Every structure is written in structure tokens, then in C-alpha cells.
Trainee: 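Below is one structure. I have some questions about it.
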Amino acid sequence: MELISKIIKFELSNAFRSKWILVYSLFFFLATYLLLSFESDSGKAALSMMNIVLIVIPLVSIIFGTMFVYNSIDFIRMALCQPIDRNSLFIGLFFGNSIPLAVGFFSGTSIACILNGITLALGSNFLLILGVGIALTFIFTSIAFLIAIIFSDKTKGLGFSIIIWLVLAVVYDGIILFIVYFFRDYPVENAVLAISLFNPIDLARILFVLGFDISALMGYTGAIFNKFFGSSLGIILSITMMVIWFIIPILFGLKSFYKKDF
Amino acid sequence: MIQLKEIEKKFDKSEVLKNLSFDIEPGKITAIVGPNGSGKTTIIKTILGLVKPDNGDILIDDKSILNDYHYRKNIGYMPQSASFPENLTIREVLKMIGDLRNSKIKHDDELLVALNLTAEMNKQVKTLSGGTKQKVSALLSLMFNPSIIILDEPTAGLDPVASSNLKELIIKEKMKGKTIILTSHIMSEIEELADHIIFLIEGKIKFDGSVFDLLTYKSENKLEKVIANMMNEKSAWN
């Protein structure tokens, strides 16, 4: 534990010294601030913000996470020559990369909300966005770490990360729509529901829809999810699936990191 | 005593270490010699735990190290090409490694002067030349007083003064009873430093014995010639 916190501390001081975290935070600050300034209905602003979060956070987290591992190879080699166990190093690096991203998003968005007089009370739309954004940061960083450790070649790893993002953020919904359209004469709701559980971005969207109770505004899967489970069971199920989406890549990442030759 | 027992390692389809067994005696300087791609660095990385062997075992003082990491507290390592986090100063790098090792940094002025690093301590790694990075790496391998020192081509990239000072430091460490493993392509350096030679070709041991034994066995007085001949024999086999 002591070792993990040392590595996290070192990576945090490194990350906060560089400017990218500031730029990332500024992006969310500006996006939230502008949306809240131009939209009188904060619910609609939250909806637009959610769509930005669902696209940008997975993309940035997966690309930054993958690049971070490749850029840290020298540090990893150096650290592994010291009396350090590989699991602690992996966990330390993971949180050393994901915490600055989460903090950047959280600070930018929450400062913009506060400046616009939005209270981040329990159950409020923007608090839900913050929660979902942080969860997506950790999930996509864990996927990025797994990819970067499996592929020693930087180009392959980065390419694979972009493909994974593209599939989960864009192609997946297309496939679902295709299934719904193609099998429109059959009762496919349950199958679609099951498929959407295997996409963390869909899960985040579902969580948002159920929390907001605006299923009609947020697409097909949200609507049937709401119908099938109702709000509270749906929320618990989607949170559970998101936790699984975080834990499984981490466990596989730990296993691959343990076996990897540096 | 470091013992390698029937070590095998493949990278993809190429077999880098082929059923390799040898002992490294304590208190001596052992040189691992061989042509490029013969497996020298892989052996070193296997001892350090950076590379995991497919088969076999490595024992240090009769304890297997394969699933352990504590033993690295007693190892100082200088890699072939040094690389540190770019935006840190040398002082910060030393502090960070000291922190990770849970060791207090002993400000060893003798080491700093010998490696001519005193004036460089507050410079960022990204501003340093390759040679200076090598010196920092040498400093790191020695400064925590480890009982085993592993040096992968230690003098490559160093200027003659630093190179000569480093060799002196290596001999001093040996006098203190340290176990030293080094690789080098400079035969005069091996002749000057090593007590024992392990000669590798394509992941197999071709000679394992003292420098003196090797010279007598081949009836030569220059190590460079002996090694060159042995490498040529290898080409003849191909």
C-alpha cells in the first residue's frame, strides 16, 4: 500500500506539473460554462453536457491511458529493477494516470456549474454527470492500460485503442439500431437490453436516462431499459455492470503486466 | 552465489536462451561475453526479473527469485542505455529511486566527484547528454551499497576520464567483496576487470571459466584474439 501511494504521489506531481491537465480541465470548464450560459433550461444544458461527456471522456481516457503506458516504459523498467512488486507498480501507475484526468474533468465542470449558480446537490443532474464522467475515466483508462500492456508495439496499441473507442461510442449503437430495424417483427427488446450491458458508454447513458427520467430523449436502449427494470433496479444493475467493466480490464491488465518481459 | 539452472527463453519464435546453466561466484567480477544477439542482456534482465524465463530457475543464496522482488534490494543495475523520467532533475531522480527502495540517500561525494556529477545535480534529465545519463545510471547502481552489481556495457558512451574512473570504482567495489556481473564488447576492459568469463553464442555457453584458463586453453596471450577466433569458429559452423 505504501509503495502504491508513493508511485501515485510521484505520478501526480508529474501530471500536475505538465499543462495538459490544465487544458483538459479548461475544456470542460468552457463547455459547461457556455452551455449553461446559452441554455436557460439547465436540464437541456445537462443533456448536451452529457452527450459531450459520453464522447470526449472515453476518447481522451483511452488515448491518454495508452500513450501514458508507452511513455512510461522507461520509468517502468527503472522501477522494476528496484525492490518493487509488479502489482503495486501497475496499480500506482493506473491511479497516477486516471486521478489527474478525473480531477481535471471534475474541477472544470464543477467550477463552471458553481459560477452559474448550479447547486451540486445529491440527485442533481450535474452531480450525476460528474459521477458518470469519473466512472468513464476509470473504465476507459483501465481498458487503455490493458491494451498498451498486451501490445508492445505503440502504433498497434494506439490503433486498437481508437478502434475500441469507435466501436463502443459509435458503431455499437449502429449495430443495435440495425438489429432493431432488421428484426422489427420479433420481440428483440430483451436481446437489445442484454447487448447494451456490454458497452460501458451505453451503460453510462442508461444511468443518466434513468437518473433523469427522460428516457424518450435518450434513445431506444434507455427507453426499454426503463420499461424493463424501472429506475432503481436499472440504476443498480447499470452501476454493477460499470464496476465490472472497470474491474475486468484491471484484473487482466495486472495478469498481463505480471507476465510481461520488459 | 547466483545460480542459473536450465534457463530457457523464447521471444516469439526465436530461442534466445537455450537450457543455460551456470554459477556466478560471490566476490568476483564475472564478464558475460558474446556477439550481438547472443543473449547477454536477456540473461541480465532475467536475473533482475525484467524478463521471465519460460523454463528453469534462478537462485540467489539458494533461494529462488522467480516470484520474488525483495532480493532486488541487494542489486544495483546499470542498463545499456540509461533512461529516466525526462522532466526530473538528477537530484529528484535519485530521491525518487531512494524513496522506492526505502533507502536513505547517502550523499557519497567520492562517487559524485569520481563520476564528475557534482555540478549536474540540479539539471533536468532532458538536458543531459547520453554520457552524463550513463554516469547517473552508474551512480544509481552503486549508491545504495548493494551486494550484487550488474553493469551492462558500463563504459559505452563514457569519455576516457569517466570510463577510467568507473573502472576504478568497479575494482574498489570488488575489493569490498561485492559480486559484480558485467557485459562489454571491449576486450581490454574485460581483461583488466574480470576474474571469470562466460562466453555465449546464440544463447548457449561456449566457455565458462577464468580469464587465465581461457588464455591458457587457447594458447594465446591476448583475450581479444581468443574471443575473435571463437566468434569466427561460430561463423564457420554456420
Side-chain angles (χ1 to χ4, degrees), chain A residues 1-22 67-93 95-97 100 149-154 156 253-262, chain B residues 9-12 16-17 41-42 44-54 65-89 92-103 124-126 133 136-137 140-141 144 146 148-150 152:
Chain A
M1 231 14 224
E2 194 198 341
L3 205 59
I4 295 176
S5 63
K6 271 181 193 170
I7 296 165
I8 294 177
K9 215 173 87 187
F10 165 71
E11 289 298 341
L12 289 187
S13 72
N14 231 355
F16 289 118
R17 234 194 265 190
S18 62
K19 291 186 185 69
W20 63 261
I21 187 80
L22 199 71
M67 289 306 293
F68 175 83
V69 175
Y70 289 123
N71 291 341
S72 301
I73 289 291
D74 288 339
F75 173 73
I76 293 172
R77 282 201 186 111
M78 190 175 75
L80 286 179
C81 297
Q82 315 306 327
I84 288 177
D85 69 307
R86 290 192 174 201
N87 290 351
S88 302
L89 181 62
F90 182 85
I91 299 288
L93 288 173
F95 285 107
N97 178 244
I149 284 156
I150 289 176
F151 293 99
S152 296
D153 186 86
K154 201 173 179 172
K156 271 189 202 161
L254 275 169
K255 203 175 157 203
S256 311
F257 191 70
Y258 192 79
K259 284 191 193 158
K260 193 174 168 74
D261 295 323
F262 284 97
Chain B
K9 181 68 193 175
K10 269 186 187 172
F11 289 119
D12 292 325
V16 183
L17 303 178
T41 301
T42 309
I44 284 179
K45 286 187 167 182
T46 315
I47 297 172
L48 281 160
L50 286 170
V51 166
K52 308 249 174 180
D54 301 329
I65 56 157
L66 288 188
N67 290 309
D68 188 21
Y69 60 92
H70 299 283
Y71 74 97
R72 289 199 285 262
K73 197 155 183 64
N74 302 319
I75 295 185
Y77 171 51
M78 178 179 177
Q80 213 171 78
S81 59
S83 40
F84 309 105
E86 294 274 294
N87 52 350
L88 300 187
T89 63
E92 286 169 324
V93 170
L94 301 185
K95 189 179 170 301
M96 181 187 72
I97 300 283
D99 234 27
L100 291 176
R101 290 183 83 105
N102 248 341
S103 308
Q124 279 197 324
V125 171
K126 63 183 161 206
K133 282 187 199 167
V136 177
S137 197
L140 273 169
S141 69
F144 297 103
I148 299 168
I149 300 166
I150 302 179
D152 198 354

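Keep in mind that what you see is a predicted model, and the values were worked out from it rather than measured. In what follows, chains carry the letters A, B, and so on, assigned in the order in which the sequence lines appear, proteins first and then strands, with residues in each chain numbered from 1.
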Trainee: To the nearest 0.5 Å, what is the distance between NZ on B/K45 and CZ on A/R77?
Mentor: 5.0 Å
Trainee: Between A/L3 and B/N102, does the side-chain contact (heavy atoms from CB on, under 4.5 Å) criterion hold? Intermediate values first, please.
Mentor: CA-CA 9 Å; A/L3 205 59; B/N102 248 341; over 6 Å; no
Trainee: Any salt bridge linking B/K9 with A/D261? Criterion: basic side-chain nitrogen under 4.0 Å from a carboxylate oxygen.
Mentor: yes
Trainee: Please classify the contact between B/K73 and chain A as side chain, backbone, both or neither, with a heavy-atom cut-off of under 4.5 Å.
Mentor: both
Trainee: CD of B/E92 to OG of A/S13: how many Å apart, nearest 0.5 Å?
Mentor: 8.0 Å
Trainee: Minimum heavy-atom separation for A/L80 and B/R72, please, with both atom names.
Mentor: O-NE, 2.8 Å
Trainee: Taking side chain as everything from C-beta outward and backbone as N, CA, C, O, which of these in B/F11 sits under 4.5 Å from a heavy atom of chain A? Side chain, backbone, both or neither.
Mentor: side chain
Trainee: Please tell me if the side chains of B/Y69 and A/R86 come closer than 4.5 Å, counting only heavy atoms from C-beta onward.
Mentor: no
Trainee: Please name the pair of heavy atoms, one in B/K52 and one in A/Y258, separated by the smallest distance, quoted to 0.1 Å.
Mentor: CE-O, 3.0 Å
Trainee: How far does CD of A/Q82 sit from CG of B/L48, to the nearest 0.5 angstrom?
Mentor: 9.5 Å
Trainee: Given the options B/L140, B/I150, B/N67, which has more heavy-atom pairs under 4.5 Å with chain A than any of the others?
Mentor: B/N67
Trainee: Taking atom CZ of A/F75 and atom CG of B/L88, what is their separation to the nearest 0.5 Å?
Mentor: 9.0 Å
Trainee: Does any backbone or side-chain atom of A/I84 lie under 4.5 Å from a heavy atom of chain B? Answer side chain, backbone, both or neither.
Mentor: both
Trainee: Please examine the side chains of B/I75 and A/C81, heavy atoms only from C-beta on, and report whether any two atoms are closer than 4.5 Å.
Mentor: no
Trainee: To the nearest 0.5 Å, how far apart are CG in B/D99 and NZ in A/K6?
Mentor: 5.0 Å
